[in-house]
Visitor: 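Below you'll find the structure I mean.
Note that ligands are numbered from 1 as they come in the structure, with each ligand's atoms numbered from 1 the same way. We number each residue from 1, following the sequence as shown.
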Amino acid sequence: MIVYLDGKYVDSNEAKVSVFDHGLLYGDGVFEGIRLYEGNVFRLAEHIERLEYSAKAILLELPWTTQELIDITCETCRRNNLRDGYIRLVITRGVGDLGLAPWLCPKPTLFVIASTIQLYPKEHYEKGLAIVTVPTRRINPAALPPTVKSLNYLNNILGKIEAKQAGALEGIMLNDQGYIAECTADNLFIVHKGAVITPSASQGALKGITRDTMFDAAKDLGIPMREQNLTRYDVWCADECFITGSAAEVIPVVKLDGRVIGDGKPGPITAKLLANFRQRVTREGVKL
Ligand code: PXG
């Protein structure tokens, strides 16, 4: 596998970052997880925009133009002869002496991994997922805005472990106020009386690229969709529920904490949104 690292395309065995990289020492950096479908890098411009906003939010000045980041991402895919897969783009504060201060790092580190992806088993799309509410809360925006896709994923990781310990693949994370923020690596939606509803970014949701795509899909299909504060009660009483993410795409959710949602089967609106999403993945983005 060929990896882009700091200006060079190198074999993955040689793609090594320093132990003094602040991304490793302090989780000081940002990243993106992007999908490649049939040679189409899905919504790449949107991913790069989110990356640039994440960097801006942590005062990490990027020496690359948007077009350079797009070109490097595509070239990494090409060098691996990849047509379908998963791309991880990471920018760290860079190598510096010990000490939190970011000004110890003269230049950011950039690496891009283009690899294959372990897809979720097909049965989840057909039968739906049983998820749980995890005890770990979504990070408070006053501490670190959860809209920043940073290298600080520990609270999501704790949530992921808690979900697994409860026998579930994904878990809902509440915010400090007890409202639903999202899942550990996916956004959450419910369908109620024909409308699709999802928590806003201000409640702790990441502005997911797949989530954005749902708004466009719903518009296409004439399905009303809105952002609204959600509690677990809203999920208990929802007609349908689903999660979205670059890895998960759109997966129906049929149970929360052992409670059946709706009629316990993937719902028709979820199915329509998933079908619309699948039509978009090879069309919207940057062709290799
Ligand atoms: N919330 C969080 C906290 C995420 O990390 C999403 C929502 C969904 O956003 P997108 O833009 O993907 O629709 C994410 C995305 C991984 C992996 O390697 C994680 C994500 C995406 C792809 C792979 O576990 N997180």
Visitor: Report the nearest protein non-hydrogen atom to atom 5 (O) of ligand 1: residue, atom name, distance rounded to 0.1 Å.
Guide: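 That would be Tyr153 OH, 2.5 Å.
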Visitor: Quick test: of every protein heavy atom, which one is nearest to atom 14 (C) of ligand 1, and how far off is it to 0.1 Å?
Guide: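 Scanning the protein heavy atoms, the shortest distance from atom 14 (C) of ligand 1 goes to Ala185 O, 3.3 Å.
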Visitor: Using only heavy-atom distances, determine whether the side chains of Glu227 and Thr198 contain a donor-acceptor pair under 3.5 Å.
Guide: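 No, Thr198 and Glu227 have no side-chain donor paired with an acceptor closer than 3.5 Å.
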Visitor: Using a strict cut-off of less than 4.0 Å between a Lys/Arg side-chain nitrogen and an Asp/Glu carboxylate oxygen, indicate whether Asp257 and Arg232 qualify as a salt bridge.
Guide: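 Salt bridge between Asp257 and Arg232, a charged N being under 4.0 Å from a carboxylate O: yes.
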Visitor: Touching ligand 1 at all, Arg50? Heavy atoms, strictly under 4.0 Å?
Guide: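 Contact check Arg50 vs ligand 1: positive.
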Visitor: Ignoring angles and geometry beyond distance, decide whether Asn156 reaches within less than 3.5 Å of ligand 1 through its nitrogen or oxygen atoms.
Guide: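 No, no N or O pair falls under 3.5 Å.
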Visitor: Under 3.5 Å between some N or O of ligand 1 and some N or O of Lys149?
Guide: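 Checking ligand 1 against Lys149, an N or O pair does fall under 3.5 Å apart.
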Visitor: Closer than 3.5 angstrom, by distance alone: can the side chain of Glu170 be matched with the main-chain N or O of Ala185 as a donor-acceptor pair?
Guide: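 Pair found, side chain donor or acceptor close to backbone of Ala185.
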Visitor: Closest non-hydrogen protein atom to atom 17 (C) of ligand 1, residue and atom name please, with distance?
Guide: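 In this structure, atom 17 (C) of ligand 1 has Tyr86 OH, 3.6 Å as its nearest protein heavy atom.
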Visitor: Taking both backbone and side-chain atoms of Lys207, is any N or O found less than 3.5 Å from an N or O belonging to ligand 1?
Guide: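 No, since none of the N or O atoms of Lys207 sits under 3.5 Å from an N or O of ligand 1.
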Visitor: Over all heavy atoms of both residues, which pair between Ala218 and Met225 is shortest? Give the atoms and the distance, please.
Guide: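 Minimum heavy-atom separation between Ala218 and Met225: CB-SD, 3.8 Å.
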Visitor: For Phe277, is the NZ or CZ atom of Arg43 found under 6.0 angstrom from the centre of its six-membered ring and inside 45 degrees of the ring axis?
Guide: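 No, Arg43 and Phe277 do not form such a contact.
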Visitor: Protein heavy-atom contact under 4.0 Å for atom 24 (O) of ligand 1?
Guide: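 Given the 4.0 Å cut-off, atom 24 (O) of ligand 1 does not count as touching protein heavy atoms.
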Visitor: Rounded at 0.5 Å granularity, tell me how far OG in Ser246 sits from OH in Tyr86.
Guide: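 Here the interatomic distance stands at 7.0 Å.
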Visitor: Do Asp21 and Thr92 get their side chains close enough for a donor-acceptor pair, meaning under 3.5 Å?
Guide: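 Short answer, yes.
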Visitor: Arg88 heavy atoms, cut-off 4.0 Å: which ligand 1 atoms fall inside?
Guide: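 This gives 16 (C), 18 (O) as the contact atoms.
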Visitor: Taking only heavy atoms of Gly245, which atoms of ligand 1 are found under 4.0 Å from at least one of them?
Guide: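 Selected atoms, number and element: 8 (C), 12 (O), 13 (O).
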Visitor: With a heavy-atom distance limit of 4.0 Å, tell me whether Ile209 approaches ligand 1 through its side chain, its backbone, both, or neither.
Guide: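 Both the backbone and the side chain of Ile209 come within reach of ligand 1.
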Visitor: So that I can tick it off, tell me whether Arg278 and Glu249 are bridged by a salt bridge, with the cut-off set at under 4.0 angstrom between side-chain N and carboxylate O.
Guide: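 Result for this pair is yes, salt bridge flagged.
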Visitor: Is the NZ or CZ atom of Arg79 both under 6.0 Å from the centre of the six-membered ring of Tyr9 and within 45° of that ring's axis?
Guide: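 Arg79 over Tyr9 ring: yes.
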Visitor: Give the residue and atom name of whichever protein heavy atom lies nearest to atom 13 (O) of ligand 1, and the separation in Å to one decimal.
Guide: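 Closest protein heavy atom to atom 13 (O) of ligand 1: Thr210 OG1, 2.6 Å.
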Visitor: For atom 12 (O) of ligand 1, which protein heavy atom lies nearest, and how many Å away is it?
Guide: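 The closest one turns out to be Ser246 OG, 2.6 Å.
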Visitor: Ligand 1 and Glu182, any nitrogen or oxygen pair closer than 3.5 angstrom?
Guide: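 Indeed, backbone or side chain, Glu182 has an N or O that close.
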Visitor: Mind checking whether Thr184 has an N or O less than 3.5 Å away from an N or O of ligand 1?
Guide: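 No, since none of the N or O atoms of Thr184 sits under 3.5 Å from an N or O of ligand 1.
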Visitor: Do we see a donor-acceptor contact under 3.5 Å between the side chains of Asp234 and Thr231?
Guide: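 A donor-acceptor contact under 3.5 Å links the two side chains.
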Visitor: Can you tell me the protein heavy atom closest to atom 9 (O) of ligand 1 and the distance?
Guide: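 Nearest protein contact, heavy atoms only, for atom 9 (O) of ligand 1 is Gly208 CA, 3.5 Å.
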